[in-house]
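Throughout, a chain's letter reflects where its sequence line sits, starting with A, and its residues are numbered from 1. Every value quoted in this text rests on a predicted model; they were computed, and no experiment measured them.
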Amino acid sequence: MDTTPVLEARNITKHFPGVIANQNVNLTLHKGEILGLLGENGAGKSTLMNIIYGLYQPTEGEILVNGQVVQMRSPKDAIALGIGMVHQHFQLVPVMTVVDNVMLGRESVRGGLLNREAAAVRITELSERYGLAVDPHALVEDLPVGVRQRVEIIKALYREADILILDEPTAVLTPQEIEGLFAVMDLLRTQGKSIIFITHKLKEVLRVADRIGVLRRGEVVGEVDPKTATQSTLAALMVGREVILEVEKSAAHPGAAVLEIADLYAPTDLGEPALRGVTFSVHAGEIVGVAGVQGNGQTELVEVLTGLRPAQSGSIQIGGKDMTNASPRQITEVGQSCHIPEDRHTHGMVDSYPIADNLVLNTYYQPPYARGITVNRAAIDANAVALVEKFDVRTPSVHLNGGSLSGGNQQKMVVAREFSRPIQLLIAAQPTRGIDVGSIEFIYQQIVSKRDEGIAVLLVSSELDEILALSDRIAVMYKGEIIDIVERDVATRQMLGLLMAGVKEEMADRVRG
Amino acid sequence: MGSTFWKRSSLIAMGLALFLVVMAVLVNLTLLGQFTWLRVIFGISALNFTLRAAIPLVLGALSGILCERSGIINIGIEGMMLAGAFAGFVAKTSTNHWPLLNSLLFSVFIALAVGGLMGFLHAIFSIRFRMDQIISGTVIIILAAGISSYLYDRDAIAQGKFSSVAIPGLSKIPVIGPVLFDNPPITYLALLLVLAVHVALFYTRWGLRTRAVGEHPRAADTVGINVNLYRYVNTSIGGMLAGLAGGYLVLEAVGQFQEGMTAGRGFISLAAMIFGNWNPFGALGAATLFGYTQALQNELLLAGVTTVPRQFVSMLPYVVTIVAVSGFVGRVRPPAAEGKVYETEGGTE
Ligand SMILES: Nc1ncnc2c1ncn2[C@@H]1O[C@H](COP(=O)(O)OP(=O)(O)OP(=O)(O)O)[C@@H](O)[C@H]1O
Ligand SMILES: [Mg+2]
């Protein structure tokens, strides 16, 4: 067997103003293997990958491809060397079609004009060969995230990448889509391609990786064989301490209903019915988990509840007050509810605002952050410093832009803001998206302690593990309806799986009988 | 929903322009011509005036489109135009002794070059020095106004300007012929440029990359496109087109330079660009509409309309411009990354 690694990073060090993102990192990747890369939020995984991809210049160190030291001035050089990358945040132009996005930078041209047909043919070819179904002429902004991800992978394959970097590709995918992705990765591996796979889900690396590397605070702290490792050894290695993977919580003591939803109807963006008569309630001091295959109305439900999408009919009451089609501000103020949105970039944060400002996005106009018509900088900064400390948001300064945080730290920033005001209702959609196991533990504890304080919690998650770990009751959504609500104690994986697939009759029997 | 929505305003602009042409044909060739007021507002002279007024607006709007599609806001079109006009004038007066055509072509070339330099300067301010692009554009305007009036020699006289070239055959078509096919060269060039920029933006590699850079620079960067290079090049070419608009004023329309002769045309170009939704044909439609309001103002005053005070008639072009850009046609969608400095290591986007 050829032992020269296809890719090697030697002593890579990368400094950002105030941060050492990578410190003497060494990494090797062999032909036909999947290297799992783990690390806490802000450990430096994305930075390292961006260096390998030529986007960032290392402060020190060198990259070798097939045993040769290479100089990469821009991704152009990396692409020419057969390196492809799917970024943590998708790099697609929303207003352009799939064809235009895929061929961008490597256009098919005939007689000086773009040859979109030729490119579309190649895309179709690739999408058939790897089972990555996508319509080449669709506009990217109309595509769901799962499909956008396929477009990103096709983009890399279109450039004939032999080394594929996947930076947290599963964070935004449904369990079904994750299975599909793993199948594609397997296929690529058998074709001799090498893959670096970053994730925070320990189960996933254990399942697909041939080797696992762990980064902590910018340094490589170990290499693990997935055959012998377990989730807890990995977690301990990543975080540097034991992590409790189980959530400890006592029985719930539900009080009065805080959120009451009755016969709620709402359409999707395309005008099709998304919610079709949703009725349920969440009581003080309980966590209701909403499970379901993504695309069954969960997104729309949360948007209607938070005032981001109008309801067609039905009613929403929060704390006994009618909040049907109220504005987001009324819902946060009068309804005293908070919202951890599904997509932090569209509804959770302003990338180009400092972290401190991001932390007061829904309270900046109230004292102590506002003094009359001016803002009180000192109060805003003090608040930021305290929250960054409490929620372990890793940053050298609260004055840096939110966008400069690592993905998981951005999420922690959003959670920190939402958890830091008096509330009666917490609406959390995918609250731990992109967050490392150590911080998940912390956020779970926070959610449970909110519950114990008597707050009503509505948790929407596409991850069954999360739903099972936190919920007191589980509502399953199917085609815009709550097909059933089951107590956590009686719920099993199979039962939920069947409900999520819309099978109800026999389930009802088993639950009640 | 995106695609259909964001093209609406450019379609309206083009539709209005088309309506004008159809009306003119009808009025001049059918019984509708019996109505005097129709002959006033849709006569051939109104259309000729419209085209003359529209050309600098078209060129200015194309200039804006090139810059803004790549992500650089260009509020300085007015200044680039004025600089082009002044440079063209200086070139013309200093080559008065050359054969007329040579002298004119040389002057056009200088107008292009100086406009391009102003564009390049704007790019340097915006990219290299990360100046706020609105401020940089304003600097360009003030610079051009200041320098041109300081250096302007009141005694200098340009001798000769471009004259009309009738296109054989086509110019004989009734109504359309005399309006479209019997014009001086920069007019033809401007109309061809609309088509050229359209094709370049939407059907060539350069255009695809330009639009990507203006919409999502990081995505462009990650596929190996040099974001700032595209911005420099586009802003410079944009400057050249604005310079050409200035050249048109001096070398084709008026024949002389006057201080501040662009008289807000650069800003109306911006309005045309926005109304046309950053699309060349949309901008052509919008420029035609704005040009037509000027023609209408002119024709109405000439025809001695007295039922409306003349001040109101004179207001027409500006009112239409304001209404057009104030969004009555629905929201327009500027390039997403417009006005933002791009740095590779500046954080996730
Ligand atoms: N462009 C940048 N400018 C300044 N600091 C940055 C930049 N990119 C990353 N950093 C900092 O470098 C560190 C490493 O970030 P990186 O994005 O590599 O983390 P990560 O391991 O990918 O984390 P996550 O799992 O949350 O995605 C963080 O402290 C982050 O704040
Ligand atoms: Mg990352």
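Taking both residues in full, the closest heavy atoms of B/Gly224 and A/Pro75 are given as N-CB, 4.0 Å, listed atom of the first, atom of the second, then distance. Closest approach of A/Tyr56 to B/Arg218, counting heavy atoms only: OH-NH2, 3.3 Å. Residue A/Met96 comes nearest to B/Arg211 through the heavy atom pair CE-CB, 3.5 Å, listed as atom of the first residue, atom of the second, then distance. Taking all atoms of both residues into account, the shortest heavy-atom contact from B/Arg209 to A/Gly105 is NH2-O, 3.2 Å.
Of the listed residues B/Thr222, B/Thr204, B/Val199, the one with more heavy-atom pairs under 4.5 angstrom with chain A than any other is B/Thr222.
No option in A/Val109, A/Asn101, A/Asp100 other than A/Asp100 meets the side-chain contact (heavy atoms from CB on, under 4.5 Å) test with B/Leu208.
Atom CZ of B/Phe109 sits in a sparse spot, with 12 or fewer heavy atoms from other residues, nucleotides or ligands closer than 6.0 Å. For OH of A/Tyr353, the number of neighbouring non-hydrogen atoms (other residues, nucleotides, ligands) closer than 6.0 Å is 12 at most. Annotation: B/Phe120, atom CZ; neighbour count of heavy atoms from other residues, nucleotides and ligands within 6.0 Å does not exceed 12.
Interface residue A/Asn50: only side-chain heavy atoms are found under 4.5 Å from chain B. The contact between A/Arg159 and chain B is made entirely by side chain atoms (from C-beta outward), counting heavy-atom distances below 4.5 Å. Contact of B/Ile225 with chain A is made through the side chain alone, with heavy-atom distances under 4.5 Å. For a residue to count as touching a neighbouring chain, one of its non-hydrogen atoms must lie under 4.5 Å from one of that chain's; by this rule A/Leu55 touches chain B with backbone and side chain alike. Contacts of A/Gln88 with chain B are absent, with no heavy-atom separation under 4.5 Å from either backbone or side chain.
Between A/Val95 and B/Arg333, some side-chain heavy-atom pair lies under the 4.5 Å cut-off. In this structure, B/His216 and A/Leu92 have side chains that are not in contact, with every pair of non-hydrogen atoms separated by 4.5 Å or more. Contact check for A/Lys76 versus B/Asn226: no side-chain heavy atoms found under the 4.5 Å cut-off.
Here the CD atom belonging to A/Glu107 is positioned 13.0 Å from the CH2 atom belonging to B/Trp206, to the nearest 0.5 angstrom.
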Open item on the list: Working note: A/Leu114 + B/Tyr203, criterion side chain to side chain contact (heavy atoms under 4.5 Å, CB included); need CA distance, chi angles, decisive distance, verdict.
Closed with: CA-CA 5 Å; A/Leu114 293 174; B/Tyr203 299 96; 5.5 Å; no

